[in-house]
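Below: the structure, in C-alpha cells.
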Number of protein chains: 2
Amino acid sequence: MRETILPRPRRSGCPINLTLEQLGDRWSLIVIRDIMFGNRRTYGELLAQSEEGIASNILADRLKRLTAAGLLTRRPDPGHRQRGIYSLTEAAIQLVPLLAHMAAWGRRHTRPSKELSVRAELLEKGGASLWNAFMDELRHLHLGAPRPARSVLDELQRAYERAVARRR
Amino acid sequence: MRETILPRPRRSGCPINLTLEQLGDRWSLIVIRDIMFGNRRTYGELLAQSEEGIASNILADRLKRLTAAGLLTRRPDPGHRQRGIYSLTEAAIQLVPLLAHMAAWGRRHTRPSKELSVRAELLEKGGASLWNAFMDELRHLHLGAPRPARSVLDELQRAYERAVARRR
DNA sequence: TCGCTCTACTTGCATATTGCAAGTAATCTA
DNA sequence: TAGATTACTTGCAATATGCAAGTAGAGCGA
C-alpha cells in the first residue's frame, strides 16, 4: 500500500533552506544523478546499478518523495504494466549546474576515484555551454523535446570508458 | 566531554557522492550559510540568530563535524576564553558558487519569502564576478587576506534591508 | 492453464540521527 | 563574591536509515 508522505513544516522562507529541505539528505541527489547521468529510468535499474548500494526501501521512498515534490514523473511502461518509467521534470533538469558545481567541489576538496572524476572534470571544463547542451539533451530524453545534435551523455560516457581502459 | 565522531565508510569515489557525504544533511550547509552570509562567528550567535531554529545539540555536533572535515577552524576568543570563534576555510569559501546555485534553484522552484530571496536574486544576477568578489571578502574576514575594495556582504545586507523596509 | 521466474515494491526490526527540554560548568560582571 | 551569561551536554522520544526477508503482481514457456 502506498502510504501518504506527511509534509514537514517549512523551517524558513530562505531559498537555500528550501532547496535543502527538498534535496538535503544523503540519497535524493544520488537518485537524480543516476537518472540524469546514468540514464536509469526504472526502479530495477536504479537499484541494481547503484554505485553506492542504495537500499530498496530508501529508493522506493525517494522515488515517491521526489515525484511528490515535482522533480520526477512516473508513467507506466507500456510493455510491462507493473513497471514505472521515471522521468526528470524541468525543475530537476535545472539542477544540472548545481550537480556540476558539487562535482567540481568534490573533485577539489575530497579524494574521489580517478575514473569517476573524469566526468566531473569534463563537466567543469565544459562550463555553462556544455551544461546547456546537456540540459537540452535531457529535455529530449525526459520531456519529449527534439533531439539535439550534440550528445553530452555520449561524450561523458566515452571519456569514462577511456579512463577505465587506461586504468589497466 | 567531547565524544569522538566515528567516520562512516565512504559509499563510493564519485565526487558528487563525496560532496554529499560531507554536506548532504539538513543542517551543515545552513551553518555554513549563516557564517558566510550572516557573518556569525560564535556558537551563541549561530544559535540565537538562527532563522530556522537549529537545536543546540545539532549545532554543537555540526560545528565539530565541519571542523573535523576541514571546512571550519576554531580559535579561542582572546577576550572570552570559553568562547570559540569559527572561521571558514578555503574549502568552505569555495562553496560560494554552490550556495549561489542552490539559492537560484530555490528561488525558481520553491516558494521563498520575498525578503529572503532578494539576496539570492542579487547573487544570481551578479554571476561569477560577484561570487569572486565575495570570496575575496571572505578570505579577508576568515583567512586574514587583505581587505578588498568591494564589500559584497554590505551590498547584500543593504539590499535585504531595503526589501524589509519596502515591505511596510 | 499451470507453474516458474522476475520484478516492483513492502514489511519488520535493529541502529543511527534529529529535536526538544533541561542541565552543568566555566566565564564574565557588578 | 553573588548572580547572570554562555558554550556547550545529556536524556529521551520521534523519526530516518539500513539490512534481510517477504509479497503480489506480471511475463513466459509448456
Check: [Y] and [X] side chains under 4.5 Å, non-hydrogen atoms:
| X | Y | result |
| --- | --- | --- |
| A/Ile58 | A/Arg62 | yes |
| B/Glu137 | B/Pro148 | yes |
| B/Thr67 | B/Thr73 | no |
| A/Val118 | A/Arg162 | no |
| B/Asp77 | B/Thr42 | no |
| A/Arg65 | A/Trp27 | no |

Which pairs of donor and acceptor atoms, one on a side chain in residues 90-100 of chain A, lie under 3.5 Å apart (sequence neighbours left out)?
residue, atom, partner, partner atom, Å
A/Glu90, OE1, A/Arg139, NE, 2.8
A/Glu90, OE2, A/Gln94, NE2, 2.8
A/Glu90, OE2, A/Arg139, NE, 3.4
A/Glu90, OE2, A/Arg139, NH2, 2.9
A/Gln94, OE1, B/His109, NE2, 2.7

Does anything in residues 34-52 of chain A reach DNA chain D, meaning a heavy atom under 4.0 Å, and if so which residues?
none
Steps toward side chain to side chain contact (heavy atoms under 4.5 Å, CB included) verdict (B/Glu155, B/Arg150):
CA-CA 9 Å; B/Glu155 293 172 30; B/Arg150 182 175 182 185; 2.9 Å; yes
Nucleotides 17-23 of chain C: protein proximity per nucleotide (B base, S sugar-phosphate only, - neither; heavy atom, under 4.0 Å)
SSBB-B-
From [atom1] of [X] over to [atom2] of [N], roughly how many Å is that when rounded to an integer?
| X | N | atom1 | atom2 | value |
| --- | --- | --- | --- | --- |
| B/Glu21 | D/dT17 | CD | C1' | 14 Å |
| A/Leu59 | D/dC19 | CG | P | 14 Å |
| A/Arg83 | D/dC28 | CZ | P | 10 Å |
| B/Ile54 | D/dA7 | CD1 | C1' | 14 Å |

Between D/dA7 and B/Tyr86, is there an OP1 or OP2 to side-chain N/O distance shorter than 4.0 Å?
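Checking D/dA7 against B/Tyr86, no side-chain N or O comes under 4.0 Å of OP1 or OP2.
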Any B/Arg81 side-chain nitrogen or oxygen under 4.0 Å from OP1 or OP2 of C/dT27:
no
Salt-bridge contact B/Arg10-B/Glu21 (side-chain N to carboxylate O under 4.0 Å)
no
When you compare the protein's N or O atoms with those of nucleotides 23-25 of chain D, which come within less than 3.5 Å of each other, and at what distance?
residue, atom, partner, partner atom, Å
D/dG25, N2, A/Gln82, OE1, 3.2

Heavy-atom nearest nucleotide on DNA chain C for A/Gly84 versus B/Asp77: which residue maps closer to 5'?
A/Gly84
Taking the hydrophobic residues Ile, Leu, Val, Met, Phe, Trp and Tyr, and joining any pair whose side-chain heavy atoms are under 4.5 Å apart, which ones share a cluster with B/Val164?
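Besides B/Val164, the hydrophobic cluster comprises B/Leu116, B/Tyr160, listed by chain and residue number.
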State which of D/dA7, D/dT9, C/dC9 makes the closest approach to the side chain of B/Lys64.
D/dT9
Within residues 40-55 of chain B or reaching into it, pairs that qualify as salt bridge (charged side-chain N to carboxylate O under 4.0 Å, His left out) - sequence neighbours excluded
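Listed once each, the pairs are B/Arg33-B/Glu52, B/Asp34-B/Arg40.
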